Engineer: 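Here it is, the structure in full.
From a predicted model like this one, the values you see are computed outputs, not experimental measurements.
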Amino acid sequence: MKNIICNLEIKVGRSLRTLKNSSMKVKFIPILIFLFVMQSCTLEKEEFNKITPENFYKTEKDARLAIAALYYNSITKVGDWDPGFFVQSINSVQVISDISAGDMMMCSYGAQPWDFLKNQEWTENNGYATNNFFHYYNHISNARIVANQIGQMTTVSQEVKEQLQAEANAVGAWKAAILYDLYGPVPYPTDEMLANPGKQEYPERPSNEAFVQIIESLLVNKDRLQAPDFGNNFGRMNKGIANFILMRLYMLEGARTGDAAFWKKAKTSAEAIITSGSYELQSTYSGVFKKSNQKNKEIIFATPSDYSFNVNMWHSESLPNNYPSELNRGAGSWGGYKLLWSFYDTYEADDQRLSTIAASYTTDSGLLIDRAHPNDNRHGVGDGAIPVKYDTDDTQVGNFQEHDFIVYRYAEVILSMAEILNELGETATVGAPGISQISNSNQIVNSDGGTTAFSFLNAIRVRSGLQPVLGLTKSQLRDAILMERGHEMYCEGTRRMDLIRYQRVTNGGGYKKFNADPNKFVFPIPVGYINEYKGNLKQNPGY
């Protein structure tokens, strides 16, 4: 074991040396080296994962390194493969979520696990693709341990200590909210259990209500977090991200319980994001995803792209191998991700967001590939249109493009406000963005910048060159908002949660709405964890 750790230290040091001058948002590389050093060759086996006041957190730098490591263990893609399947990064949560929605997206790689996901056929014993993220429950404990350890420091001021603790706990809340969406409540050890890791104990799952309160408690000091930063601290937890996590959580609970108090809390969180003045819609939809426009103020949270440990492989995953070679694909593209034609057909013909989706293309040899001439399901458009999403990267290295991977966007906040106001039957205390755009037919369209649900919905529609909508009933407006959320945030991991919140799921056969098995609203807990917990971890209903 000691030799393995030593070899890892040497290899990581060599492989990362070339990144010394990297301008990454969070300095993850020193963390890797630091953590390997902490688990040095002189330690006994039982000490490898043990952190004590004697060996850590002597300085503010130590604490910041520990916090940065909390980000690293969920955004890495290289070296984090699950045998035969997908990486376990936060980016893959988005893909799994949108495919499992059933009506938006698919992957042309084959039946397992992709068709199982699209058709919602996963089971307790066939959880392939739904079981990769449950391990995040350990990440929540890791974040709490770091926060508790910071609390014991005597070498930093109380103000710095509280800010660092708030950030560590916010990372834990982020993971907890992801898990709650995918699996429901997860085991949550007490502080006493965390303080005695040598004693084997198996905490039970909290109730939904208790787990929501846990997430809230982890964000209770969110106001001590830094303000949104589009410079060197871009990608770190801040007040905007914390309010975004709470907004999504409260919307889910409002729909799940029917309690308007949650919708009111969601409104408070959304308005806090809007009134912060930190964010703004970009002038065009495609501009949000341009490499030349990274760190733009529509992005609330993005994971950094780096060729060493966290790479954006979207184009290699989605583009066919005969896509025009203006993209420097290097190792080629695999023709995986597709937007179902039934979903593509729900777009209005002059929607400018369609410019980021390839319904047709011409190969280098001059062959036109379109819906009438699909060429192939995988390397063509037989299975659906191609979600290009990000603009092409002329400096791409092999399969790795240099775009940061966008996780949360301000556009979702604007659409969420429309939904919240519609559910509450209220107006906002802040105005929606007033947008003016030239449509594809060369007409000027405008949104009113008002405080109604229509005002917020139309800000997003007009940005894409569409006419505002007015005069809809509450039910009709709910449908319009759901549709707009799908069109705006395709392949960004929101579709599954949106359909569940609206209690409209599909069976993988295309765009349709009906009440299906509510047990599918959460994934099954991996059987291995249930066995490990020796009866203390209950499986989700229906599995």
Engineer: What's the separation between atom CZ in Arg485 and atom CD1 in Ile414, rounded to the nearest 0.5 Å?
Structural biologist: 11.5 Å

Engineer: For Gly240, is there any backbone N or O sitting under 3.5 Å from a side-chain donor or acceptor partner on Asn243?
Structural biologist: no

Engineer: Applying the side chain to side chain contact (heavy atoms under 4.5 Å, CB included) criterion to Pro524, which one of Thr130, Asn540, Asn126 satisfies it?
Structural biologist: Thr130

Engineer: Please name the pair of heavy atoms, one in Asn296 and one in Gly287, separated by the smallest distance, quoted to 0.1 Å.
Structural biologist: ND2-O, 4.3 Å

Engineer: Quick one: salt bridge (charged side-chain N to carboxylate O under 4.0 Å, His left out) partners of Glu492, sequence neighbours excluded?
Structural biologist: Lys389, Arg409

Engineer: Taking His403 for its side chain and Asp391 for its backbone only, find out whether a donor-acceptor pair lies under 3.5 Å.
Structural biologist: yes

Engineer: Nearest 0.5 Å, please: how far is NE2 in His135 from CG in Leu179?
Structural biologist: 9.0 Å

Engineer: In terms of side-chain heavy atoms, does Thr494 have a donor or acceptor partner in Glu412 at a distance below 3.5 Å?
Structural biologist: no

Engineer: So, applying ring pair (Phe, Tyr, Trp, His ring centres under 6.0 Å) with Tyr529, which one of Phe133, Tyr136, Tyr183, Phe134 is it?
Structural biologist: Phe134

Engineer: Got a second to check how far Asp259's CG is from Tyr250's OH, nearest 0.5 Å?
Structural biologist: 12.0 Å

Engineer: Hey, does the side chain of Glu298 reach the backbone of Gln282 with a donor-acceptor pair shorter than 3.5 angstrom?
Structural biologist: yes

Engineer: What residues form a side-chain hydrogen bond (donor to acceptor under 3.5 Å, both in side chains) with Glu423, not counting sequence neighbours?
Structural biologist: Arg478

Engineer: Go through it in stages, so that I can follow the logic: the residues are Glu419 and Tyr502, the test is side-chain contact (heavy atoms from CB on, under 4.5 Å), and I'd like the CA-CA distance, side-chain angles, deciding distance and then a yes or no.
Structural biologist: CA-CA 11 Å; Glu419 182 178 342; Tyr502 278 73; 3.5 Å; yes

Engineer: Does Arg236 pair with Asp229 as a salt bridge, N-O distance under 4.0 Å?
Structural biologist: no

Engineer: Please check this pair: side chain of Trp122 against backbone of Asn131, looking for a donor-acceptor N/O pair closer than 3.5 Å.
Structural biologist: no

Engineer: Do Tyr285 and Arg463 come within less than 4.5 Å of each other through their side chains, counting heavy atoms only?
Structural biologist: yes

Engineer: Does a side-chain heavy-atom distance below 4.5 Å link Glu484 with Leu415?
Structural biologist: yes

Engineer: Ignoring hydrogens and geometry beyond distance, is a side-chain donor-acceptor pair present between Gln165 and Asn221 at under 3.5 Å?
Structural biologist: no

Engineer: Which distance, rounded to the nearest 0.5 Å, do you find between the CZ of Phe234 and the CG of Asn232?
Structural biologist: 12.0 Å

Engineer: Just verifying a value: how many Å separate Tyr71 OH and Glu167 CD, rounded to the nearest 0.5 Å?
Structural biologist: 3.5 Å

Engineer: Establish, from distance only, whether the side-chain atoms of Tyr490 and Asp98 form a donor-acceptor pair under 3.5 Å.
Structural biologist: no

Engineer: Go through it in stages, so that I can follow the logic: the residues are Ile300 and Ile241, the test is side-chain contact (heavy atoms from CB on, under 4.5 Å), and I'd like the CA-CA distance, side-chain angles, deciding distance and then a yes or no.
Structural biologist: CA-CA 6 Å; Ile300 293 178; Ile241 297 172; 3.9 Å; yes

Engineer: Counting C-beta onward and ignoring hydrogens, is there a side-chain heavy-atom pair between Val527 and Glu124 closer than 4.5 Å?
Structural biologist: yes

Engineer: Is the shortest heavy-atom distance from the side chain of Asn238 to the side chain of Asn233 under 4.5 Å?
Structural biologist: no

Engineer: Hey, what's the ring geometry for Tyr390 with Phe405, parallel, tilted or perpendicular (30° and 60° as the breaks)?
Structural biologist: tilted

Engineer: Can you tell whether the side chains of Asp498 and Arg501 come within less than 4.0 Å, N to carboxylate O?
Structural biologist: yes

Engineer: Less than 4.5 Å apart, side chain to side chain, heavy atoms only: is that true for Leu164 and Glu60?
Structural biologist: yes

Engineer: Taking the six-membered ring of Tyr188 (Phe, Tyr or Trp), confirm whether the NZ or CZ of Arg144 is under 6.0 Å from its centre and within 45° of its axis.
Structural biologist: yes

Engineer: Evaluate ring pair (Phe, Tyr, Trp, His ring centres under 6.0 Å) for His315 paired with Tyr337, printing each intermediate quantity in order.
Structural biologist: CA-CA 9 Å; His315 286 154; Tyr337 306 149; over 10 Å; no

Engineer: Can you list the steps and then say if Leu457 with Asn422 is a side-chain contact (heavy atoms from CB on, under 4.5 Å)?
Structural biologist: CA-CA 10 Å; Leu457 171 63; Asn422 188 47; over 6 Å; no

Engineer: State whether a side-chain donor-acceptor pair under 3.5 Å links Glu162 with Gln158.
Structural biologist: yes

Engineer: Checking Lys265 now: which residues fulfil salt bridge (charged side-chain N to carboxylate O under 4.0 Å, His left out) with it, not counting sequence neighbours?
Structural biologist: Glu216

Engineer: Looking at Asp181 and Arg496, is there a salt bridge between them, counting it only when a charged N and a carboxylate O are closer than 4.0 Å?
Structural biologist: yes

Engineer: Is the closest side-chain donor-acceptor distance between Tyr109 and Glu317 under 3.5 Å?
Structural biologist: yes

Engineer: In the structure I gave you, are the side-chain heavy atoms of Glu209 and Val212 within less than 4.5 Å of one another anywhere?
Structural biologist: no

Engineer: Looking just at side-chain N and O atoms, do Ser269 and Arg248 make a donor-acceptor pair shorter than 3.5 Å?
Structural biologist: no

Engineer: One pair to check against side-chain contact (heavy atoms from CB on, under 4.5 Å): Tyr410 and Ile274. What are the steps and the verdict?
Structural biologist: CA-CA 9 Å; Tyr410 187 53; Ile274 295 169; 3.6 Å; yes

Engineer: Would you mind reporting whether Lys222 and Lys239 have side-chain heavy atoms less than 4.5 Å apart?
Structural biologist: no

Engineer: Indicate yes or no: at least one non-hydrogen side-chain atom of Leu339 is less than 4.5 angstrom from one of Met104.
Structural biologist: yes

Engineer: Donor-acceptor pair, distance only, cut-off 3.5 Å: does the side chain of Glu271 make one with the backbone of Thr429?
Structural biologist: yes

